[in-house]
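Please read the structure below before turning to the comments.
The sequence lines fix the lettering, A, B, ..., with proteins before strands; numbering per chain opens at 1.
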Amino acid sequence: EAGVTQFPSHSVIEKGQTVTLRCDPISGHDNLYWYRRVMGKEIKFLLHFVKESKQDESGMPNNRFLAERTGGTYSTLKVQPAELEDSGVYFCASSQGAQGRMDTEAFFGQGTRLTVV
Amino acid sequence: GENVEQHPSTLSVQEGDSAVIKCTYSDSASNYFPWYKQELGKRPQLIIDIRSNVGEKKDQRIAVTLNKTAKHFSLHITETQPEDSAVYFCAALFAGSARQLTFGSGTQLTVLP
């Protein structure tokens, strides 16, 4: 069974450009999460989908970030326009927990390392 | 807001020694505490978790303890091996409407051969 996959693995863009990150969760997992780790700091929650619906987007830093999960399958996270402080590793995770619960194992993707120069 | 503090940020031990990583959390209603291990260039992977109705859980060389009164939980690795070298993250699931995992800042564990 394929795990959570993310694309691209690395992205280097200039300030002001747009980048779109993609996450394919484990098939059948209704819960999909985006997290971000900035250099040397904690993994911070961005948002949570249950199927195609946004359950919680309280961690999204500002309106330059837009996440979608069309059809409740894969998800995209777009940053437009990118700023220097957006650099970091963006992780996606999925879990099978019922009703949006996360107290079952969350499986992580390998992350996308975003560098904004 | 919800907060998880993790210490130490770096830890070096000799092969065969034990390693202990500690975390504290702010929300006394938290009920689920997983630990993730992230090896260099790889994805974070769950290694052990504990729920609030249990004080200790063991899985071979790894154990986690939970003190709900003090609001802290710890990861214990015994008989460390070089392959245990990685970044370890603790996390807590806070009760309430949000119900997403809040992570600690990570501990870089290095096991010296």
Which atoms of B:Q108 come close to chain A, meaning under 4.5 Å heavy atom to heavy atom: side chain ones, backbone ones, both, or neither?
->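 Neither part.
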
Measure distances from B:P44 to the heavy atoms of chain A and classify the residue's part below 4.5 Å as side chain, backbone, both or neither.
-> both

Do you see a donor-acceptor pair shorter than 3.5 Å between the side chains of A:H29 and A:S94?
->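 Note: A:H29 and A:S94 side chains meet the donor-acceptor criterion.
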
Using non-hydrogen atoms and a 4.5 Å limit, figure out which bit of A:R113 sits close to chain B: side chain, backbone, both or neither.
-> neither

Ring centres under 6.0 angstrom apart (B:Y36, B:F89) | no

Please find out if less than 6.0 Å separates the ring center of A:Y33 from that of A:F91.
->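 For A:Y33 and A:F91, the ring centres are not under 6.0 Å apart.
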
Excluding sequence neighbours, so at least two apart, what forms side-chain hydrogen bond (donor to acceptor under 3.5 Å, both in side chains) with A:S11?
->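 Residues passing side-chain hydrogen bond (donor to acceptor under 3.5 Å, both in side chains) with A:S11: none at all.
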
Among A:E42, A:K41, A:Q6, A:K44, the residue with the most heavy-atom pairs under 4.5 Å to chain B is A:E42

